[in-house]
Amino acid sequence: MEFDDLQQTRIAKLQTLRDTGRDPYPPRSERTITNAEAVAEFDRREGETHTVVGRLMLKRGQGKIAFLTVRDGTGDIQFFVQQNNVGEVAMQVVKALLDLGDIVQATGTLMKTRNGEVSIDVTDIRLLSKALSPPPEKWHGLQDIEKRYRQRYLDLIANDEARQVAVQRSRILEATRAFMNGRGFLEVETPTLQPLYGGAAARPFVTHHNTLDQDLYLRIADELYLKRLIVGGLERVYEICKDFRNEGIDRQHNPEFTMMECYQAYADYHAMMDIVEGLCAHVATTVIGSLTVTYGDHTVDLRPPWPRIPLRDAVKDACGIDYVAITDTEELRRRAREAGAEIPSDMVRARIIDELLKAFVRPSLIAPTFLIDYPVELSPLAKTKPGDPTVVERFQPFIAGLELGNAYTELNDPLDQLARFEEQARQRAQGDMEAMPVDEDFVTALMHGMPPTGGLGVGIDRMVMFFTNQPSIRDVILFPALRSTEGR
RNA sequence: GGGCCUGUAGCUCAGCGGUAGAGCAGUGGACUUUUAAUCCAUUGGUCGUGGGUUCGAAUCCCACCGGGCUCACCA
C-alpha cells in the first residue's frame with residue numbers, strides 16, 4: 001500500500017503524537033451527553049460540565065483560540081478552545097496535530113458563544129482516533145457517484161442525505177415489523193441456501209456445498225417455504241430477507257435485494273390489498289408523519305382504499321386494446337404494434353399483455369393503484385378466478401410509477417400446481433431460463449392440504465426509495481452491487 | 001448486450017489542438033468569538049489505461065478499464 005503526501009503528513013503527525021507520549025488510538029473514551037442533547041437541552045444545562053465526542057468536521061483557528069465543529073451520530077457541536085483554559089501545549093496540539101476527520105473528545109462547560117452557538121468551553125481535549133486520510137470537501141461534500149457507492153462511509157460522513165436515508169430505511173423496517181406483528185403475523189426464517197429455487201420468475205445464483213457435494217441456489221424468493229409453514233398450521237407468517245436474482249442491474253434492480261413476504265391462511269388477495277394499504281399508511285404516518293408523500297415530480301395520497309382495477313380494463317383504457325376479446329395471438333401482436341409497442345415475433349401471448357402493461361399502463365400509475373386479475377400464464381403459483389381459468393387472482397401495487405410488490409390468492413390445489421409446474425418445465429425446455437423448475441417436494445406439501453391463503457411480496461428497497469424520495473435503488477442500499485475494480 | 005454521456009490535484013470543478021488551472025484541504029506565517037472564519041505566502045498532476053492522428057494531444061480518433069443515463073432483459 002502506498003501513501004500520498006497528505007497521508008504522509010498525517011502519519012508524521014501520528015509519530016509526533018507517539019513521541020510525545022500521546023496514544024493516537026486510545027482504547028477508552030467517555031461521553032456524558034450527545035451533541036444533539038447538549039444543543040436541545042442547553043437552556044437547562046447551561047454551565048454544566050460535560051464530555052462530548054465526535055469527528056472533527058471544521059477547524060477555525062484564530063491565534064490563541066480555535067473553534068472546532070465536531071459531529072457525533074446525533075449532530076454537531078462546537079468546541080471552543082482557548083489557550084488560557086487548556087494551556088499552551090494543548091493549544092499547539094489542536095493547531096498542529098489535529099486534522100479534519102480525526103475522532104476527538106472534549107470536556108468543558110456547556111456555553112453559548114457571542115453569536116449564540118452552543119459550545120463546549122473546552123478545558124480538556126484529546127484525540128480518540130487519528131484519521132490518516134483527508135475527508136471529502138467540506139462544503140460540496142462527496143459528489144462522485146461511484147465513490148459514494150464504493151466508499152459509502154465517506155458518503156455517510158459528508159452527505160447528510162445519505163445518513164437520513166440509512167436512518168429512514170431502518171425506521172421503515174421497524175414500522176413494517178410493528179405493523180405485521182400487530183396483525184398477528186409471526187416472523188419466521190427460511191433457508192437462503194435452497195436445493196431447488198422457486199417462487200419467482202428469475203435466474204438464480206448457484207453455489208456449492210462441499211460436504212454434501214451438492215449444488216445449492218441462493219433463494220430468489222421464500223414463497224414456497226412460507227407456504228409449507230401455512231400447510232403446517234402457522235396461519236400468519238412473514239419474513240423479511242434478502243433475495244438474490246442473477247439478472248440485470250439498473251435503477252430499480254439490485255442482484256440482492258430485500259423483500260417482505262407474508263402469507264395469511266383463510267384469506268385471499270383482497271386481504272393482501274388491505275395489508276398493502278394498511279402497511280403503507282402505517283409507514284407513512286409513523287416514519288414520514290403524513291399520508292401525503294412526494295416522490296420525484298409526483299405527490300401522492302396514500303389514504304386507503306386505493307382503486308382496484310382489473311388489468312384488462314387498465315390496458316383497454318390506456319391503449320384501446322381488449323386483449324380478452326382478441327383471442328388470436330397474431331391479431332393481438334398486430335394491434336400492440338399498431339399502438340406503438342415493440343413486440344418481437346416470438347413473444348408469447350402473456351408477455352405481449354405484460355408489454356402492454358409496461359408500455360401503456362404503468363407510466364400513468366401515479367396515484368396508489370392495484371392492478372388486479374392477471375393472465376394465468378405468467379402466474380404459476382396463483383389460483384384462477386372462479387369461472388375463468390385464463391385469469392388468476394393476482395395483483396400488483398403501484399405508487400408513483402413504482403411497482404411495489406406482487407400478491408395473489410395462493411394456488412392450493414396440488415394437482416393443478418403440479419400441472420402448472422409441468423407447463424413451466426415445458427417453457428423452460430423451450431429456452432425460457434426464468435421459468436420455474438418443478439418442485440415436487442412443494443407439491444408433496446400441498447397434498448397434505450393448504451387452507452385458502454393470501455400471499456404477498458413487497459419490495460422493501462422500492463418502498464424505501466418511495467418514502468425517502470430516492471431515484472435509484474443504489475441510494476437506499478448501503479453497499480449496492482458494482483463491478484469490482486482492479487487492485488481492490 | 002445496444003445507444004448517449006462521463007473519468008483532470010486528496011475533494012469540488014474549469015480548461016476541449018499551442019507552457020496543467022481555480023476553490024477547498026495540505027504546508028509556513030498573522031490573528032482571543034469564529035460559523036464554508038479571514039489575510040499573506042506556498043506544496044501538490046503519468047489529465048482512467050494503451051495505441052493512433054498531428055510540428056504539437058487533457059483536448060481529435062480507436063481499443064480497453066470503471067461509472068451514469070437509457071433501451072433491451074428483468075417484478
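Lettering follows sequence order; numbering is per chain, from 1.
On the C1' atoms, B:rG7 is 15 Å away from B:rG15, given to the nearest whole Å. The separation of B:rG18 from B:rA30, taken at their P atoms, amounts to 43 Å, rounded to a whole angstrom. Taking the C1' atoms as reference points, B:rU8 lies 13 Å from B:rA22, given to the whole Å.
Residue A:L404 is out of contact with every strand shown, counting any heavy-atom pair closer than 4.0 Å. At a threshold of 4.0 angstrom between heavy atoms, the contacts of A:D250 include nucleobase atoms, whether or not backbone atoms are also involved. Here A:R203 lies out of heavy-atom contact (under 4.0 Å) with every strand. Backbone-only engagement by A:L142 is indicated by non-hydrogen atom pairs under 4.0 Å involving sugar-phosphate atoms exclusively. Residue A:K358 is classed as a base contact, given a heavy-atom separation below 4.0 Å to a base. Looking at heavy-atom distances under 4.0 Å, A:A66 makes no contact with the nucleic acid at all.
Under the 30°/60° scheme for interplanar angles, the aromatic rings of A:Y295 and A:F466 are found to be tilted. Ring pair A:Y269/A:F395 is tilted by interplanar angle, where 30° to 60° counts as tilted.
In the set B:rG10, B:rG68, B:rC74, B:rG68 carries the atom at the smallest distance from any side-chain atom of A:I145. Of the candidates B:rG26, B:rG68, B:rU33, B:rG26 carries the atom nearest the A:L6 side chain, counting heavy atoms from C-beta on.
Between A:T113 and A:N115, the side chains place no donor N or O within less than 3.5 Å of an acceptor N or O (distance only, hydrogens not considered). For the residue pair A:D268 and A:Y408, no side-chain donor N or O sits within less than 3.5 Å of a side-chain acceptor on the partner.
No more than 12 heavy atoms of other residues, nucleotides or ligands shown are found within 6.0 angstrom of CD on A:E161.
Under the salt bridge (charged side-chain N to carboxylate O under 4.0 Å, His left out) test applied with A:R219, the options A:E239, A:E261, A:E256 reduce to a single match, A:E239.
Of all the heavy atoms in A:A481 and A:I249, the pair that sits closest is CB-CD1, 4.1 Å.
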Quiz item: When you check every protein heavy atom under 4.0 Å of nucleotides 35-48 of chain B, what one-letter string (B, S, -) results, 5' to 3'?
Solution: BBB-----------
